[in-house]
Amino acid sequence: MTAIVRTDRLSKSFGAVTALAGVGFECGAGEVVGVLGLNGAGKSTLLRILAGELLPSGGSVQVGPFRLGDGEQGDDSRAMRSRVGYLPEEPPLYREMRVREYLGFVGALNGVARHELPDRIAVVAERVHIDGHLDRVIGELSMGYRKRVGIAQALLHAPDVVLLDEPVSSLDPAEIVGMRELVRSLGGRRTVFTSSHHLREVHETCDSILVLHEGELLAHGTQEELGVLADRQRLEVDVRGKAVDAVGRLPGGAEVVHSADLGGGVSTLTLELLDVESEEVAGALVGAGFGIRRLAPVRSDLERVFLDLVRGDGGAAQASGPGQTGETGGS
């Protein structure tokens, strides 16, 4: 993989507050990368540094051939910004302007030649499905369409990397579906970073994931890679009888995660199946005289992987990060 974005020991502090601490990763051309983390994890800070809006306190960041950090802040800052399109969580729009007028203004600021602007505006407007709204006043648009205008301005100068900070925030369910499809469609020819609190959005739109927590990179990889590292098949079983007795009758390879007596002569077990099948668990319990009231697999999804990581239960996955918020309290 040829890396288009690379960070090395990237750090950012705001006074005594450390927003990023030694973050290192590489992402290839055409990837859609999800930046996942709780509030204050450092997501927005990372995107603002990639956008050239903030300079790192330590370490370095590289976009294409241009590198910032470790004392090399000079001319590469402007050149790097020219390779990046950026949509902050709150779109940077002038609401009294019409969409076409605004895109022309932003395009000129980003160096698009005047004679190229009409065609470029038409192309990006069609790309983000606002071509029927070019002559409308921005303030009259819904939040979903304002976000699309914000993405259009990020695409106008044909950047190699597009950064979308919380693109589905404040959207209604229908707008979220449309934004999900749009974000996914942007990959392929350009690298897209999208941050989100919404696990489903990351799951359904991203090729790879960066998991940030308290400024540190806990994991980086494809969903399959993170799932393999954090995944063991789980099973929930409700039986008639005491939990302690049922645990003693489990076959080898069934590890107890949780057990409890529910009352009324019923207990529940949550198991991780290491080298045993659910049928063997059921057979062992029934053979020992325990009636099974419920047996259900626990889906190992991104939410569980994420929570395991931030709680410190994702041992191997934590070690997978290649490197080990904005403003105070930011994300």
Taking the basic N atoms (NZ, or NE/NH1/NH2) and the acidic carboxylate oxygens, is any pair closer than 4.0 Å for Asp131 and Arg100?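 Result for this pair is no, no salt bridge flagged.
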
Have a look at Asp160 and tell me which of Arg190, Arg189, Arg83 forms a side-chain hydrogen bond (donor to acceptor under 3.5 Å, both in side chains) with it.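 One option only clears the test, and that one is Arg83.
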
For the residue pair Phe25 and His220, categorise the inter-ring angle as parallel (less than 30°), tilted (30 to 60°) or perpendicular (more than 60°).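 Perpendicular.
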
Classify the angle between the aromatic ring planes of His133 and Tyr145 as parallel (below 30°), tilted (30 to 60°) or perpendicular (above 60°).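 Ring orientation of His133 relative to Tyr145: tilted.
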
Does some side-chain heavy atom of [Y] sit less than 4.5 Å from a side-chain heavy atom of [X]?
| X | Y | value |
| --- | --- | --- |
| Leu295 | Leu285 | no |
| Leu10 | Leu46 | yes |
| Leu156 | Asn110 | no |
| Glu166 | Ser195 | yes |
| Phe66 | Arg81 | no |
| Val32 | Leu186 | no |
| Leu36 | Leu210 | no |
| Phe290 | Val237 | no |

For a quick test of reading the model, state the closest non-hydrogen atom pair linking [X] to [Y] and the distance between them.
| X | Y | result |
| --- | --- | --- |
| Ser142 | Glu175 | OG-OE2, 3.2 Å |
| Thr194 | Cys206 | CG2-SG, 3.7 Å |
| Met179 | Gly144 | CE-O, 4.4 Å |
| Ser13 | Ser57 | N-OG, 3.0 Å |
| Gly241 | Ser267 | O-OG, 2.9 Å |
| Leu55 | Leu68 | CD2-CD1, 4.2 Å |

Please check if atom [atom1] in [X] has more than 12 non-hydrogen atoms from other residues, nucleotides or ligands closer than 6.0 Å.
| X | atom1 | answer |
| --- | --- | --- |
| Glu116 | CD | yes |
| Arg249 | CZ | no |
| Arg6 | CZ | yes |
| Arg114 | CZ | no |

What distance do [X] atom [atom1] and [Y] atom [atom2] have between them, rounded to the nearest 0.5 Å?
| X | Y | atom1 | atom2 | result |
| --- | --- | --- | --- | --- |
| Leu274 | Glu255 | CG | CD | 5.0 Å |
| Leu47 | Tyr86 | CG | OH | 6.0 Å |
| Glu277 | Leu235 | CD | CG | 10.5 Å |
| Glu236 | Leu271 | CD | CG | 9.0 Å |
| Ile4 | Glu26 | CD1 | CD | 11.5 Å |
| Ile121 | Glu101 | CD1 | CD | 10.5 Å |

Is there a donor-acceptor pair closer than 3.5 Å between any side-chain N or O of [X] and the backbone N or O of [Y]?
| X | Y | value |
| --- | --- | --- |
| Lys43 | Leu38 | yes |
| Asp8 | Gly24 | no |
| Arg293 | Asp238 | no |
| Gln153 | Gly150 | yes |
| Thr191 | Gly30 | yes |
| Lys147 | Glu89 | yes |
| Thr7 | Val23 | yes |

Go through it in stages, so that I can follow the logic: the residues are Leu20 and Ile49, the test is side chain to side chain contact (heavy atoms under 4.5 Å, CB included), and I'd like the CA-CA distance, side-chain angles, deciding distance and then a yes or no. CA-CA 10 Å; Leu20 291 176; Ile49 292 175; 3.9 Å; yes

Working for side chain to side chain contact (heavy atoms under 4.5 Å, CB included), residues Leu218 and Leu212: CA-CA 6 Å; Leu218 296 187; Leu212 291 174; over 6 Å; no

For a side chain to side chain contact (heavy atoms under 4.5 Å, CB included) check, start with the C-alpha distance between Leu141 and Ile130, then their side-chain angles and the critical distance, and finish with the verdict. CA-CA 10 Å; Leu141 299 176; Ile130 59 169; over 6 Å; no

Between Leu109 and Ile151, is there shared hydrophobic-cluster membership here, with clusters defined by ILVMFWY side-chain heavy atoms closer than 4.5 Å?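 In one cluster: yes.
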
Applying salt bridge (charged side-chain N to carboxylate O under 4.0 Å, His left out), can you list everything that pairs with Arg95, at least two apart in sequence or on another chain?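 With sequence neighbours excluded, Arg95 shows a salt bridge (charged side-chain N to carboxylate O under 4.0 Å, His left out) to Glu90, given in chain and number order.
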
So Val84 and Leu50, side chain to side chain contact (heavy atoms under 4.5 Å, CB included) or not? Walk me through it. CA-CA 8 Å; Val84 174; Leu50 292 178; 5.7 Å; no

